[in-house]
Amino acid sequence: MFGWNWLISPCKILLAMEYDFQEIEKKWQKRWRARGSYKVEEVQGKEKFYVLDMFPYPSGAGLHVGHPLGYIASDIIARYKRHQGYNVLHPMGYDSFGLPAEQYAIETGQHPAITTENNIARYRQQLDQIGFCYDWDREVRTSEPSYYKWTQWIFSELFESWYNLDTDRAEPISSLEEKFTTNGTYNVNAAIDEHWWKLLTKEEFPFFSEHFSGEFTATDWKSLTDRQKQLILMHFRLTYLADSWVNWCPKLGTVLANDEVKDGRSERGGHPVEQKLMRQWSMRITAYADRLLRGLDTIDWSDSIKEIQRNWIGRSEGASIVFQVDSSDATIEVFTTRPDTVFGVAFVTLAPEHGLVDAVTTPDQKGAVTAYVNATKLKTERDRQSEQKSTGVFTGGYAVHPLTGKRIPIWIGDYVLASYGTGAVMAVPAGDQRDWDFAKTYNIAFTNIFEGVSVDESAHTEKTTPLRESSFLDGTCGKKATQLVVAKLEELGAGKGKVNFRLRDAVFSRQRYWGEPFPIFYKDGLPYVVDGQQVTLPDVDKYLPTEDGQPPLARAKKEDWNVFLGDHMEFNTMPGWAGSSWYFLRYMDPKNDQTFCAKDKAAYWGQVDLYMGGAEHATGHLLYSRFWTKFLFDRGYIAFDEPFKKMVNQGMILGRSNFVYRVIIDVKKVDESISDKEEWAASKEMEGFKRMDWAMRMNDTINSYCVSKEYVSDIEGSYVLSEDVYLKINQDLEKYNLALRSINRSLCISQIIRPNIDISFVDNDVLDVDSFKEKKIQFKNSKFIPGPDGKFRCSNEVEKMSKSKYNVQTPDELVERYGADTLRCYEMFLGPLEQHKPWDTKGITGVHGFLRKLWRLMHDQDNNLRVTDEAASADELKALHKTIRKVTEDLDRLSWNTVVSAMMIGVNELTDLKSSKRSILQPLVVLLSPYAPHLAEELWERLQGEGSVMDQMWPKWEEQYLVEANFTYPVSFNGKVRFKVDLPADMNAAEVEKAVMDNEKTPQYLEGKAPKKVIVVQGRIVNIVH
RNA sequence: GCCCGGGUGGUGAAAUGGUAGACACGAAGGACUUAAAAUCCUUUAGACAGCAAUGUCUGUGCGGGUUCAAGUCCCGCCCCGGGUACCA
């Protein structure tokens, strides 16, 4: 291919004689498939171990070397656990609904199912060649109707459930109806929007009076029509249809969940996102907020992910306080974490979107308020956040302080978010920096309520300062003051203690085609679950929204739907996280068409013991799957309420990009300057050039370039400088206080650019100029100027691996060149799994050499097996058992990288010992098999081991082979190691001390002083303090 | 700003409070070879002294501390990466 042809062909002949990885890997992959080696069944009584990878979205680009990192690590653990006798479930599948396939469909008209199918085939081929031990009979694809049938079923179950706060779990909606029928809302304590009843319309419920506050009797309930009952129940369901503020992304034509929005832009594509009120399906994840928080203490995940989830859930304790609007019935409810500062309230601020804005605005402020609200609407969330200064406007209205009865001005400010708390705050400038800033900006007077501190320069946010000007709170602070004030508020009915969460209910509708259709139809505007039949995705003529802005599914005609009920079907589809929220359960029972996962199988396999995946899903997938797991647990379908017992987040593999310096000659300038060529050749800049050996060549080239008219007329002509040349030129020009980029004028250089070079043409930073020029036409006519040694060296940089940076390293080439076993070992050898690290193939030869060395350990020069049944020597046993111990201990603490080193050391030692004993080599091969399964299997066969290497019991180390007769004690004086002394290992501390003190070298380091103290740590160190 | 990670040779890194730099890459030198590849051997943190074996000193981002002993634990900073943000 790219210039190693000359290198590969002679190599292959040689390699064929020894470690022929290509042959071996092909052979065993075929046999394992034929034997069904990775097939897994439930075996009662056999202990299980469930190792799971986050399943990939099958993108068109295929896998790069970063993807398999986690897969290899988990595969090693799966194989290791199998050696230890566990029944290991290690499945793989595809998260195959998603945007890219749909975008491609929009562009080309190709059905996303076809694109997806093709991409999956490519992924599968790439995965297969790396030798993973997946049980492919358990493969799942979220876009398969047989899979999403159950995603839809879970949705229906959520629809048919409500959250009972008294039992703290989800219950069937029928139990709620029963409560309503027997006792009305009495004793109903549900997770529900606090003021849900305000959303019931007068038209639907004409008999509910103005004073209706969400409470009704059994008689009331029974008198309602079915429609009215449904409208009420909708507010209690765990998935519900509601008008909510959503993140609307016009460019993508869909709404996004909070976790899909980063810095006010869509995570995919970076398009602007705006707030819009839309009727959408939502998931009542907030009902689980507290349990999601508490559950974190029971799972073994990284602290950082747990912390991200904690922050995302954002529990804060405080109080809700109600302010009566002056001369009105309306009330403003605020949430505060500092109820103790309530006497310092200087004003109340509403979010511009707050429902009461119109009501509290006085006629003379109307103009200003309307203008302000409209101006805010025009700004995106991002604009609002990036503004440094808070802005606002006075409404003219006043609220009444619940404790003092004082009139308090009501303002509107964009620092108050409609989506957090109640969308209104009580502003205490003395105790809150934002309120302080706002008060200063608009000159609002406020009281200092803190004893002995000044609030002239900034707010005072300490909670431990005694209060003043605070009526009955004077002199108290913190918890005590909070308790007092909450009790008082409750007594007055003006507020209560409250816990608030940042977590919002998750929007579940997407205005897209390639996703799960909802099992929902509408009649008279009310949604109903489709019963008894699965709704499959209908075909549409185009994958775009309709002219009137309806989602693509609205294009499907009645006959396109396999089920069509009521007035119309649901046009939205489910979001990407729907299918991935429960897939780990489906692997347990992937083909069941009676239920999502049989109860006994779920009971057998249980939680995922080790989950491997990226940390970027912290607030999406990882939170939603915990939520759905808890729900399925509540409803009795599974026996555990956390999906992933332990999780490891592999770090990103960064790409190593290569660059060249391309100097583009301005053709026009060349033409102009040909006449005064002499002049610029004599210029100061050229002096710098002439001083360089190879710059002379460049000088020549430039001359010839200028002379040759036809070359000049070719706009593709340019110089491409290697890094050496670029640096040298700059270095030399420095003497003249010049840089290459600044000498444009006289050299007719119009531009110097630094393009990324496709790394497949580069080996160890050296560019294969000929094949590169041949393949990349835009460089066809460029002159490449190499360094003094004739090699064209590129500069490099570490950045994210991406197609556009031409730094994507696919596993395919490496498997081709070194084999899957080498790739597997090398990816682990790179460093700690969790760390981000640059990909660099430099070291891969070392790992490949290790596998070769192992091969040679067992084979002679003619590639014949060289193994004997002689008894092993003590040294050989020691080398083996040392390796067993290190490999086992390191795998147990998931230290994948150090295992490779340990095996290298083992092989090096046994090579030095020229060990060829079967009793040594067989266990060694078992140790190797999780990392290099193909080679291990081949060697196992050659060693005439029984059965497959992957079913061998993991070797156990025996201390007896590890005991050393002697230990070399480092002897230190005042902590500095001075000499070493060899002593019997079983010598006790007192004897060691004596031996050291008697040592001839000891006096010289004591400098004549008497030792104050001698510390002997047996088998470790001796330290003499003097 | 706040919350998590991290900072060790030319490079990737190792080290459970106990000999810092294992293992590898790269580099330099050597053996084998017509040559190359492959393989093998030696050196490879820095500084100083010595013909040499060797010895001494410095050294894990910076400054303190605890300890017989600190890359590791504690306190205060600096830098890099990630998360998050008018969250009331």
Side-chain angles (χ1 to χ4, degrees), chain A residues 6-7 10-11 13-15 17-18 262-263 302-312 314 316 318 334-338 341 349 351 384-390 413-417 419-428 431-435 437-438 500-503 615-616 618-619 651-652 764 826 829-832 834-847 849-850 852-853 856 861 889 893 895 897-905 908 911 968-980 1011-1017 1019-1026:
Chain A
W6 59 275
L7 203 150
C11 271
I13 301 159
L14 268 173
L15 293 179
M17 293 181 67
E18 35 175 79
K262 291 258 140 66
D263 299 327
S302 73
D303 288 339
S304 73
I305 292 234
K306 286 191 191 182
E307 203 54 33
I308 290 170
Q309 290 208 347
R310 278 192 197 107
N311 291 337
W312 190 261
S316 49
V334 303
F335 174 75
T336 178
T337 53
R338 295 293 304 278
T341 64
T349 316
R384 260 172 84 170
Q385 281 171 14
S386 60
E387 268 163 35
Q388 292 299 310
K389 222 170 173 182
S390 302
D414 62 1
Y415 77 100
V416 179
L417 303 176
S419 57
Y420 183 77
T422 58
V425 301
M426 58 173 223
V428 184
D432 183 282
Q433 194 55 45
R434 287 160 313 202
D435 296 341
D437 292 340
F438 196 86
N500 197 49
F501 291 93
R502 197 188 89 112
L503 186 72
E616 66 273 22
T619 51
M652 214 195 323
N764 268 351
Y826 183 56
F829 187 65
L830 277 177
E834 290 92 337
Q835 251 170 51
H836 293 237
K837 52 209 152 222
W839 178 257
D840 196 334
T841 48
K842 265 185 195 160
I844 201 168
T845 52
V847 174
F850 150 66
R852 284 245 283 272
K853 196 163 178 178
R856 283 200 313 277
Q861 282 177 328
E889 285 176 349
R893 62 187 176 104
S895 171
N897 54 325
T898 49
V899 169
V900 183
S901 313
M903 291 193 294
M904 284 175 172
I905 294 169
N908 287 347
T911 300
T968 309
Y969 279 92
V971 179
S972 47
F973 291 79
N974 289 341
K976 280 185 183 171
V977 177
R978 293 301 178 178
F979 63 88
K980 286 164 193 174
K1012 285 191 196 129
K1013 202 169 171 188
V1014 179
I1015 290 119
V1016 177
V1017 184
R1020 280 264 185 222
I1021 201 168
V1022 177
N1023 191 16
I1024 298 165
V1025 190
H1026 62 92

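To find a chain, count down the sequence lines: A is the first, B the second, and so on, and within it residues start at 1.
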Passing candidate, side-chain contact (heavy atoms from CB on, under 4.5 Å) with Lys980(A), options Thr968(A), Val1022(A), Val971(A):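 The residue from Thr968(A), Val1022(A), Val971(A) that satisfies side-chain contact (heavy atoms from CB on, under 4.5 Å) with Lys980(A) turns out to be Thr968(A).
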Inter-nucleotide [atom1] distance ([N], [M]), Å rounded:
{"N": "A24(B)", "M": "G6(B)", "atom1": "C1'", "answer": "22 Å"}
{"N": "C32(B)", "M": "A36(B)", "atom1": "C1'", "answer": "13 Å"}
{"N": "A14(B)", "M": "C3(B)", "atom1": "C1'", "answer": "30 Å"}
{"N": "U44(B)", "M": "U33(B)", "atom1": "C1'", "answer": "26 Å"}
{"N": "G59(B)", "M": "G5(B)", "atom1": "P", "answer": "28 Å"}
{"N": "U72(B)", "M": "U60(B)", "atom1": "P", "answer": "9 Å"}
{"N": "C73(B)", "M": "C68(B)", "atom1": "C1'", "answer": "16 Å"}
{"N": "G55(B)", "M": "G61(B)", "atom1": "P", "answer": "28 Å"}

Parallel, tilted or perpendicular: ring planes of His1026(A) versus Phe973(A), cut at 30 and 60 degrees: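 Ring orientation of His1026(A) relative to Phe973(A): perpendicular.
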By ring-ring contact (aromatic ring centres under 6.0 Å, His included) - contacts of Tyr969(A) (at least two apart):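 Only Phe967(A) meet the ring-ring contact (aromatic ring centres under 6.0 Å, His included) criterion with Tyr969(A).
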All ring-ring contact (aromatic ring centres under 6.0 Å, His included) counterparts of Trp839(A), not counting sequence neighbours: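 Trp839(A) satisfies ring-ring contact (aromatic ring centres under 6.0 Å, His included) with Tyr826(A) once adjacent residues are dropped.
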Does [X] make a side-chain N or O approach to OP1 or OP2 of [N] shorter than 4.0 Å?
{"X": "Lys1013(A)", "N": "C68(B)", "answer": "yes"}
{"X": "Arg502(A)", "N": "A88(B)", "answer": "no"}
{"X": "Lys976(A)", "N": "U58(B)", "answer": "yes"}
{"X": "Asn908(A)", "N": "A22(B)", "answer": "no"}

Between protein and nucleic acid, restricted to nucleotides 53-56 of chain B and to nitrogen or oxygen atoms under 3.5 Å apart, what atom pairs and distances do you find?
unit_1: U56(B); atom_1: OP1; unit_2: Tyr1005(A); atom_2: OH; d: 3.3

[X] has an atom [atom1]; how far is it from atom [atom2] of [N], in whole Å?
{"X": "Asn974(A)", "N": "C68(B)", "atom1": "CG", "atom2": "P", "result": "11 Å"}
{"X": "Tyr420(A)", "N": "A88(B)", "atom1": "OH", "atom2": "C1'", "result": "7 Å"}
{"X": "Arg310(A)", "N": "A85(B)", "atom1": "CZ", "atom2": "P", "result": "18 Å"}
{"X": "Phe501(A)", "N": "A88(B)", "atom1": "CZ", "atom2": "P", "result": "13 Å"}
{"X": "Leu503(A)", "N": "A85(B)", "atom1": "CG", "atom2": "P", "result": "13 Å"}
{"X": "Trp312(A)", "N": "C3(B)", "atom1": "CH2", "atom2": "C1'", "result": "15 Å"}
{"X": "Glu307(A)", "N": "C3(B)", "atom1": "CD", "atom2": "C1'", "result": "6 Å"}
{"X": "Glu616(A)", "N": "G81(B)", "atom1": "CD", "atom2": "C1'", "result": "15 Å"}

Least distance between heavy atoms, Lys853(A) atom then Asn908(A) atom: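 What the structure gives for the nearest pair is NZ-OD1, 2.9 Å.
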Exercise: identify the closest heavy-atom pair between Arg338(A) and Met426(A):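 Looks like O-CE, 3.7 Å.
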Close side-chain approach of Arg893(A) and Thr898(A), heavy atoms under 4.5 Å: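 Yes, at least one pair of side-chain atoms sits under 4.5 Å.
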Using the side-chain hydrogen bond (donor to acceptor under 3.5 Å, both in side chains) criterion, which residues pair with [X]? Sequence neighbours excluded.
{"X": "Asn1023(A)", "result": "Ser972(A)"}
{"X": "Ser302(A)", "result": "Ser304(A), Asn649(A)"}
{"X": "Gln433(A)", "result": "Asp437(A)"}

Kindly write out the residues that satisfy side-chain contact (heavy atoms from CB on, under 4.5 Å) with [X], not counting sequence neighbours, or none if the list is empty.
{"X": "Arg1020(A)", "result": "Val1017(A)"}
{"X": "Gln835(A)", "result": "Pro832(A)"}
{"X": "Ser316(A)", "result": "Phe335(A), Thr337(A), Tyr420(A), Asn500(A)"}
{"X": "His836(A)", "result": "Met652(A)"}

Intra- and interstrand pairs of RNA chain B - dot-bracket, Watson-Crick/G-U under 3.5 Å, | marks other strand: (((((((..(((.....[....)))((((((.......))))))(((((....)))))..(((((..]....))))))))))))....
RNA chain B: 5'-proximal contact among Ile1024(A) and Arg338(A) (nearest heavy atom):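 Its nucleotide being nearer the 5' end, the pick is Ile1024(A).
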5'-most by nearest nucleotide on RNA chain B - Gly846(A) or Asp432(A):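 Nearer the 5' end of the strand: Gly846(A).
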With the side chain of [X] defined as its heavy atoms from C-beta on, choose the nearest nucleotide among [options].
{"X": "Arg852(A)", "options": "U58(B), A38(B), C25(B)", "value": "A38(B)"}
{"X": "Ser304(A)", "options": "A88(B), C4(B), A24(B)", "value": "C4(B)"}
{"X": "Met904(A)", "options": "A88(B), C23(B), G83(B)", "value": "C23(B)"}

Sugar-phosphate only, base, or nothing, as touched by Arg856(A) at under 4.0 Å among non-hydrogen atoms: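 Sugar-phosphate only.
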Sugar-phosphate only, base, or nothing, as touched by Asn500(A) at under 4.0 Å among non-hydrogen atoms: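 Contact class for Asn500(A): none.
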Contact state string [nucleotides 6-19 of chain B, B base, S sugar-phosphate only, - no protein heavy atom under 4.0 Å]: ------BSSS--BB
Syn/anti label of G9(B) as read from its glycosidic torsion, with the cut at 90° from 0: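 Here G9(B) takes the syn form, which means its glycosidic angle is within 90° of 0.
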